[in-house]
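Okay, so here's the structure we're looking at.
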Amino acid sequence: MNFLAHLPEERLFDCYLAQRGGEAIDPRIADHLTDCETCAERYVDLTRFMDDLCEDGACEADALFTPERLRTQQQQIARRLEQVGRRARVISFPGQLVRRTMTAPGSHSAPRWVAAAAAAGLFVGVAVGAGYRFGSRPVGLEQTLARQAPLSPRGLNPAQLSADDAFLSDLEVALERPHTRELMAFDALTPHVREVTAR
Amino acid sequence: MSADNKPATGNARGTASDGGTASPARRPNASPSGPVSEDTRLAVEIRGLVDKGDLDQARERFGELVARHQRRASRIAYQYLRDLSEADEAVQDAFVKVFSHISSYREAWPFEVWFTKILVNGCLDRRKARMRRERWLVGGEVSRSDEARVSAASTSANPEQQLLARERRARIAAAVDRLDGRQRTVFMLSQYGERTPREISAITGLNESTVRVHLFRAARKLRGILGGKS
């Protein structure tokens, strides 16, 4: 290295690191810093910049981590360490109840009996239902049609029909509206299908 | 002006700090291969107590290690995470993890290095998790409540000075955040964690000369961004 020239930044930085770590500075660099005012000034600038950065960071963190906060942190760590090395507590499952149910007398025969009864009921139900439909279909259909005839809209007066329509419309509106109070405002702002189609 | 006198101007960092952490020059064990530090001896003692099953005594002794390292750990964690409660949690997690795994501690590494490695890994994990969250949620650089706390704790009564200090801190934080991953880690460990390049090398697994290069580049970049002379 030509010590007649100025020191490169890397050398100055090595010097700064060595000085920070309490290590000895290269004697040639130390001599140069003594002799060269420009390099000495650059070195001072560098160390000041680095130290200011460090100080700023430390001050900022220390302002947040006050002694009280650090004490609380210590207590929290101590509390968490209490759990280290301790076996996890297992909450016992209500095993006795389960065992009693499982070992109850007749517990194995009951499901079989219930299953057989259900199957038989289903079979009987299907058979009777099929027979009833095939045997009485014309009569039932006629009776049904005859019963429905007087209820047809043609038999009702217009006032009754419009009242029913209004009632059903109210019902629809009530079902479409949100039931949550917070959503009412949004609902009021949102166009509805019934309003769009009414236009 | 002698070379011995000039660097002394840069020695203010040790005194400006809280005093809870020894300044680098006075640090009892500055190198991983150096003599065993007091913290390392204590960690070995705690490991022995845990192995014997004397957990109560081990916890009590561990409290001493916590008291010694928590301020420095909090500084590192805060600079990484820029959030008080998250940094607090990261420090707690690191101490709990260290105690839980004390049986695997080997004195080949100084305790400070081992602990800092665990802390930094925890902080990096949290940063990653936060970045994932921030893809979906809006996040802040520093929470407003943290800023208010820093301002309230400021020694300067002048509101203008407080404002300037706050702006400066924000600029520094933004500049540090612009460093690439390794440079940032190395810079933070050096400046806020007060670790030597050799210790940073042990923590990060990088070659010591690589650490020095990263540190130099980080410093040069920061000076470029923040307007320091170079």
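Naming convention: chains lettered A, B, ... in sequence-line order (proteins, then strands); numbering from 1 in each chain. The basis for the numbers below is simple: all heavy atoms, side chains too, and nothing from hydrogens, waters or symmetry mates.
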Where on [X] is there a heavy atom nearer than 4.5 Å to chain A: the side chain, the backbone, both, or neither?
X     : result
B:Q79 : side chain
B:D56 : neither
B:I76 : neither
B:A58 : neither

key: side chain to side chain donor-acceptor pair (under 3.5 Å) between A:R69 and B:S74, worked out   = CA-CA 11 Å; A:R69 179 133 200 142; B:S74 302; over 6 Å; no
query = Are B:Q191 and A:R20 close enough, and set up right, to give a side chain to side chain donor-acceptor pair (under 3.5 Å), and what steps lead you there?
reply = CA-CA 10 Å; B:Q191 295 304 108; A:R20 258 195 68 190; 2.7 Å; yes
request  = State whether the side chain of A:E60 and the backbone N or O of B:R169 hold a donor-acceptor pair below 3.5 Å, judged by distance alone.
outcome  = no
inquiry  = Hydrogens and angles aside, do A:Q74 and B:Q70 bring a side-chain donor and acceptor to less than 3.5 Å of each other?
reply    =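 Yes.
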ask   = Given a strict heavy-atom distance threshold of 4.5 Å, which part of A:E23 is in contact with chain B: side chain, backbone, both, or neither?
value = side chain
inquiry  = Quick check on A:L70 against chain B: is it the side chain, the backbone, both or neither that has a heavy atom closer than 4.5 Å?
reply    =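 For A:L70, the contact with chain B is made by backbone and side chain together.
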remark   = B:E45 meets the side chain to side chain donor-acceptor pair (under 3.5 Å) criterion, sequence neighbours left out, with B:R61
inquiry  = For B:F62, give me all partners under ring pair (Phe, Tyr, Trp, His ring centres under 6.0 Å), at least two apart in sequence or on another chain.
reply    =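 Residues passing ring pair (Phe, Tyr, Trp, His ring centres under 6.0 Å) with B:F62: B:F99.
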